[in-house]
Number of protein chains: 2
Amino acid sequence: MNIGEVAIKSGLPAKTIRYYEDIGLIRPDRHDNGYRLFRQTHLHQLMFVARARSLGFSIDDCRVLLALYDDDSRASAQVKALAQDHLAQIDAKIAGLRAMRDTLADLVDACHGDSRPDCPILKDLAAKHHG
Amino acid sequence: MNIGEVAIKSGLPAKTIRYYEDIGLIRPDRHDNGYRLFRQTHLHQLMFVARARSLGFSIDDCRVLLALYDDDSRASAQVKALAQDHLAQIDAKIAGLRAMRDTLADLVDACHGDSRPDCPILKDLAAKHHG
DNA sequence: ATAGGCATTCCAGTTACTGGAAGCTCAACC
DNA sequence: GGTTGAGCTTCCAGTAACTGGAATGCCTAT
C-alpha cells in the first residue's frame, strides 16, 4: 500500500503518518522508487496508535504500548499501570477544567452583558488573588 | 521594581514576564543600566494576566481583555461574549475528556493486571474502530 | 578585588502535528 | 511521444506558551 491508502484506512492524515515515521514510531518499507510501502502490520500499528491517541495517550505512551503489544510475554499489569497513570492525569485535568469552568460560569452569569462598561468579569480579573 | 520583585508579587516566573514583554503583552520601562523597571500599572497588568491565564484564557484573549479593561467606554457585552466563547470551549474539552475517561476506566476495570499477558486494554487498541 | 546574587540576551527544546514549496513518479489521454 | 494531473518525496517553518541553560553584565558587601 502507498501512504494515501493507509491514510484512508487508518483515518490518519498522510502528513501525520510521515511524521510518525520521522520519530521512529513506525518503520514502513520502501519501494524502489522511494515511495513508502506499507504492509498489513504497518496498517495495524497505525490503527492501534490512532486509537490510543484518541484515548489521550501520548506518543511516548504509544511507543510503550506498541512494544507491549508486540511482546507476547508481557504482564498485563504493565499495561494496566500505564493506563491507570494516564487515567489519573485525565482525572486531574478534568478537575482543573471543572474548577475553571465553575468560576468562569459564575462570572459570566454575573455580567449583564449590555452596552454599559461595568463588568464583574473584568473586576474579578483585576482583583488581587493572593494566596 | 525589578523583575524579581514583580515576579514574587505577581506569582509569575521572571522568565514568563520577560516572555510577556517579548510578545508585546506588557511594556515595562527600563533603568539606565538596562534592567527592566516595573511600575504599579505593570504589576497590575501582570496580576490581571496571571488570573486570566489561570481561568484558561489564551494569551491573545488576554491581550483583548487588557485592552477592554483599559477602555472605559467598553461594553460589558464584549467581555461577556469573549468569556462565553471560552466557556463553551472549556465545556467541549471537558466533554471530550470525560468520554475518554469513561472508555479508559472501563478498560482499566476489565484488565486483571497480573503477570499474565492477556489484556483487554491492548485488545481494544488493536481492534478495528471503524466509523 | 572578589564573591554572591540578580539582571541581561540569545538559542534551543518542549508536544504533536500542520502548511507550504520545490520537485519526482506514475497512469492516462491525445 | 508529450503533457496533464494526482500522488508521492523531502525539507523548512510555524503553532502555544513557555522553560532551561549558557555566556555575560551589574550591584552590593566584605
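Nothing here was measured: the structure is a model prediction, and the numbers come from that model. In what follows, chains are A, B, ... by sequence order, proteins preceding strands, each numbered from 1.
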Report the distance from atom CE of A/Met1 to atom P of D/dG7, rounded to the nearest whole Å. 17 Å
Could you please name the option among D/dT19, D/dC18, C/dA7 that lies closest to any side-chain atom of B/Ile59? D/dC18
Quick one: A/Phe57 CZ to C/dC17 C1', roughly how many Å, whole number? 20 Å
D/dT19, OP1 or OP2 - any side-chain N/O from B/Thr16 closer than 4.0 Å? yes
A/His31 NE2 to D/dT9 P: how many Å, rounded? 9 Å
Could you tell me the separation between the CG atom of B/Leu12 and the C1' atom of D/dA17, rounded to a whole number of Å? 12 Å
Nearest-nucleotide check on DNA chain D, B/Ser58 vs A/Phe38; residue mapping nearer the 5' end is A/Phe38
What is the separation between atom CG on B/Leu37 and atom C1' on C/dC6, rounded to the nearest whole Å? 16 Å
So, do B/Met47 and A/Leu125 sit near enough that their side-chain heavy atoms are less than 4.5 Å apart? no
Please tell me if the side chains of B/Asp118 and B/Lys123 come closer than 4.5 Å, counting only heavy atoms from C-beta onward. yes
Does atom OH (A/Tyr69) have a neighbourhood of more than 12 heavy atoms from anything else shown, all under 6.0 Å? no
Taking 4.0 Å as the cut-off, does a side-chain nitrogen or oxygen of B/Asn33 come that near to OP1 or OP2 on C/dT8? no
Above 12 or not: heavy atoms from other molecules or residues under 6.0 Å from CZ of B/Arg27? no
Separation of C/dT18 P from A/Ile17 CD1 (nearest whole Å): 11 Å
Summarise protein proximity over nucleotides 10-15 of chain D in one line of letters, 5' to 3': B for base, S for sugar-phosphate only, - for none, counting protein heavy atoms closer than 4.0 Å. BB----
When rounded to whole Å, the OH to P distance for the pair A/Tyr19 and C/dG19 reads 15 Å
For A/Ile3, which contact category applies under a 4.0 Å heavy-atom criterion: base, sugar-phosphate, or nothing? sugar-phosphate
A/Asp32 CG to C/dC24 C1', in whole Å, measures 15 Å
Please figure out whether B/Tyr35 or A/Tyr35 has its closest DNA chain C nucleotide nearer the 5' end. B/Tyr35
Are OP1 or OP2 of C/dC17 and a side-chain N or O of A/Tyr20 less than 4.0 angstrom apart? yes
Applying salt bridge (Lys or Arg N to Asp or Glu O under 4.0 Å) to A/Asp124 and not counting sequence neighbours gives B/Arg51
Could you state whether A/Leu37 and A/Ile17 fall into the same hydrophobic cluster, counting links through intermediate Ile, Leu, Val, Met, Phe, Trp or Tyr residues with side-chain heavy atoms under 4.5 angstrom apart? no
With respect to A/Arg36, which candidate in A/His42, A/Glu21, A/His31 satisfies the side chain to side chain donor-acceptor pair (under 3.5 Å) definition? A/Glu21
